[in-house]
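Nothing here was measured: the structure is a model prediction, and the numbers come from that model.
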Amino acid sequence: MDNRTDLIIIGGGPGGYHAAIHAAKAGLRVTLIERAHLGGTCLNMGCIPTKTLAHTAELMHHIHHCAPLGIDCAAPAVNLAQVMAHKDEVIMQLREGIASLMASSKVEVIQGEASFVDDHTIEVNGDTLTAPHIIIATGSVPKMLPLQQADAAMLLDSTDILSLTALPSRLCIVGAGVIGMELACIFHSFGCQVTVIEFLKECLPALDSDIAKRLRKALEKRGIQFVMQAAVKSVADGFVTYERKGKEEQTAADKVLMAVGRAVNIASLHLERTGIEYSAKGIATDDHLQTNIQGVYAIGDVNGRQMLAHAASAQAEVAVHHILTASLQEEAVASLLPQLEVMPAAIFTYPEAACVGMTEDSCKAAGTDYGCCKSFHRANGKALSMNETEGMLKILYDKSSGNLLGCHAFGAHSADMVQEIASLMCRHTTIDQLAAIIHIHPTLGELVQDAAKTK
């Protein structure tokens, strides 16, 4: 094997394979190393499988609640084997698509576990590779709580739960972040009794606290139980034991999902053999996603900035652009790059939620003189016609400049509406300019304009 290449990419997830495509199109010789499957966590154990299950769960919810719309349905039942088979088919189709992209882009793909020999030398499958440029895109792995007692037969992580062969009657989810909340909605719709235990005061800390509380209340109405400000101590003998307000309490469970976050995946890289600066929180990078070692970059979850698939893809563009301009003096490179500071995100609960930019709490903490305007699904004609009246949208703006600072929403089509605000934030649009943009009637998108007009 020729051990010389222009760019080595470690990890074939969204960050890694997008970086490979961009670099190869620019003429670099690219070698991508992936220890498991192309697509990384997002495609194989995260975004895609959970959203496939979430779609099925949403259909179940609609079937259960279609009588007011004039549709009579017999009691629906989940065929879990078929649900999982469909999920696997989707994964395989997308995985094969990425492999085709790598082949057509002339990216060399090596399956194996990569580790550093020194700053610019990688070992994989007993061979060594060297390159002036290396991108680390190894992603993250599920965290597990240290427990006083832990019954392995009861415990699941976010990978395990996506391959269940039988539905648990009682599912306890530890953690009310994005993963925990999405899977709570999915398995509740599938017929499981779901209890969510969270250490913090409120769920989904990235969301505006007002929106997060309203979403949690909506899910409680549907039957999902929440235990907030509770610290889980043990999982054993069919019970989850936790401490809340100084008292020890229990909840019965057949299976327990640990959804307490993700840790950067660096254990097998042997970074100690290099001069790369890193910690348990991630690999340190600058604005170009370059580490302290020239020519070595870290993108996606592994740098600990924003654990989102689309953040990894955007960071890939920034890193490759820097390689091409700063290192190879390549002038024919697109000047328009992703604005990493404007990073929208969606939570595919039911109803869904989404956010971009600052929250009211962060505005207050920063001393920003901000304005806040809201609109509600219950006042929107399209939402009423869809029987989707649970929801709210909130826009934050700078009172002095009028510039949009953020948007947070829950309810049907929240992700689409927040995406509109993210686009406008990238163009430095003001709240008054937004109010003047005509929106199609009748659509849920009118909620955006309605909120802006309440300024």
Side-chain angles (χ1 to χ4, degrees), residues 47 51 54-55 58 61-62 178 181-182 185 203-204 206-219 306 308-311 314 338-339 341-360 362-363 370-398 402-455:
C47 317
K51 277 51 180 183
H55 178 66
E58 185 175 350
H61 175 82
H62 286 309
V178 173
M181 294 290 279
E182 288 187 350
C185 289
C203 66
L204 298 167
L207 271 182
D208 185 273
S209 57
D210 181 23
I211 296 289
K213 181 179 180 180
R214 288 171 183 266
L215 174 61
R216 175 173 56 82
K217 293 294 186 182
L219 298 184
Q306 293 168 308
L308 297 164
H310 50 279
Q339 297 182 36
E341 69 277 10
V342 181
M343 189 63 67
I347 303 99
F348 292 98
T349 47
Y350 188 85
E352 70 184 37
C355 60
V356 66
M358 300 181 77
T359 66
E360 279 207 73
S362 64
C363 285
Y370 73 96
C372 173
C373 45
K374 305 175 183 179
S375 58
F376 296 87
H377 280 61
R378 64 175 178 265
N380 177 271
K382 182 65 180 290
L384 284 165
S385 69
M386 295 166 60
N387 199 28
E388 294 282 1
T389 56
E390 192 77 58
M392 167 185 162
L393 181 136
K394 174 188 288 190
I395 299 173
L396 304 172
Y397 61 93
D398 186 293
N403 285 342
L404 302 174
L405 297 174
C407 180
H408 297 256
F410 85 100
H413 294 203
S414 289
D416 301 320
M417 291 183 283
V418 166
Q419 181 63 66
E420 178 184 354
I421 298 299
S423 301
L424 296 175
M425 287 174 66
C426 287
R427 305 306 299 161
H428 309 292
T429 303
T430 67
I431 189 70
D432 291 333
Q433 289 170 334
L434 169 57
I437 296 173
I438 299 170
H439 285 65
I440 299 168
H441 176 78
T443 63
L444 291 177
E446 289 177 284
L447 287 161
V448 174
Q449 187 182 42
D450 289 344
K453 286 186 173 182
T454 66
K455 172 202 162 190

Is the closest side-chain donor-acceptor distance between His441 and Glu446 under 3.5 Å?
-> yes
Which pair of non-hydrogen atoms, one from Ser375 and one from Ala451, has the smallest distance, and what is that distance?
-> OG-CB, 3.7 Å
Distance, nearest 0.5 Å, that separates CG of Leu444 from OG of Ser385 = 8.0 Å
What residues, two or more places apart in sequence or in another chain, satisfy salt bridge (Lys or Arg N to Asp or Glu O under 4.0 Å) together with Glu360?
-> Lys394
Counting N and O atoms only, with roles assigned by atom type, does the side chain of His377 sit under 3.5 Å from a partner on the main chain of Ala412, one being a donor and the other an acceptor?
-> yes
So OG of Ser362 and CG of Leu396: to nearest 0.5 Å the spacing works out to 7.5 Å
CE-CD1 distance between Met181 and Ile347, expressed to the nearest 0.5 angstrom | 8.5 Å
Taking distance alone, no hydrogens or angles, what donor-acceptor pairs closer than 3.5 Å link side-chain atoms of residues 424-432 to residues at least two apart or in another chain?
unit_1 : atom_1 : unit_2 : atom_2 : d
Thr429 : OG1    : Leu424 : O      : 3.0
Thr430 : OG1    : Gln433 : N      : 3.1
Thr430 : OG1    : Gln433 : OE1    : 3.4
Asp432 : OD1    : Lys455 : NZ     : 3.1
Asp432 : OD2    : Lys455 : NZ     : 3.1

For the student: nearest non-hydrogen atoms of Ala415 and Ala354, plus distance | CA-CB, 3.7 Å
Can you list the residues that meet the salt bridge (Lys or Arg N to Asp or Glu O under 4.0 Å) rule with Arg216, with sequence neighbours excluded?
-> Glu202, Glu220
Side chains of Leu219 and Cys185: does their closest heavy-atom pair fall under 4.5 Å?
-> yes
Side-chain touch Leu393/Cys407, heavy atoms, less than 4.5 angstrom | yes
Side chains of Cys363 and Leu405: closer than 4.5 Å at any heavy-atom pair?
-> yes
Donor-acceptor under 3.5 Å (Gln449 side chain, Ala435 main chain) | yes
How would you list, by chain and number, every residue that makes a salt bridge (Lys or Arg N to Asp or Glu O under 4.0 Å) with Glu182, sequence neighbours excluded?
-> Lys51
Separation between CD1 (Ile395) and CE (Met417), nearest 0.5 Å, reads 10.0 Å
Can you find a heavy atom in the side chain of Phe410 that is under 4.5 Å from one in the side chain of Glu390?
-> yes
How long is the span from the CG atom in Asp450 to the NZ atom in Lys374, to the nearest 0.5 Å?
-> 15.5 Å
When you measure from the side chain of His310 to the backbone N and O of Pro344, does any donor-acceptor pair fall under 3.5 Å?
-> yes
Quick one: pull up CG in Leu204 and CG in Leu215 and give me the separation to the nearest 0.5 Å.
-> 6.0 Å
Is any side-chain heavy atom of Met392 less than 4.5 Å from a side-chain heavy atom of Asp210?
-> yes
Is Glu420 reaching over with its side chain to a backbone N or O of Gly445, donor-acceptor style, under 3.5 angstrom?
-> no
With a 4.5 Å heavy-atom cut-off, do Cys355 and Asp208 have their side chains touching?
-> no
Quick one: list whatever passes side-chain hydrogen bond (donor to acceptor under 3.5 Å, both in side chains) with Thr389, sequence neighbours left out.
-> none
Determine whether Ile421 and Leu434 make a side-chain contact, defined as any pair of heavy atoms from C-beta on separated by less than 4.5 Å.
-> yes
His408 side-chain N/O to Met358 backbone N/O, donor-acceptor pair under 3.5 Å | yes
Ring pair (Phe, Tyr, Trp, His ring centres under 6.0 Å) filter on Tyr350, not counting sequence neighbours, yields His61, His62
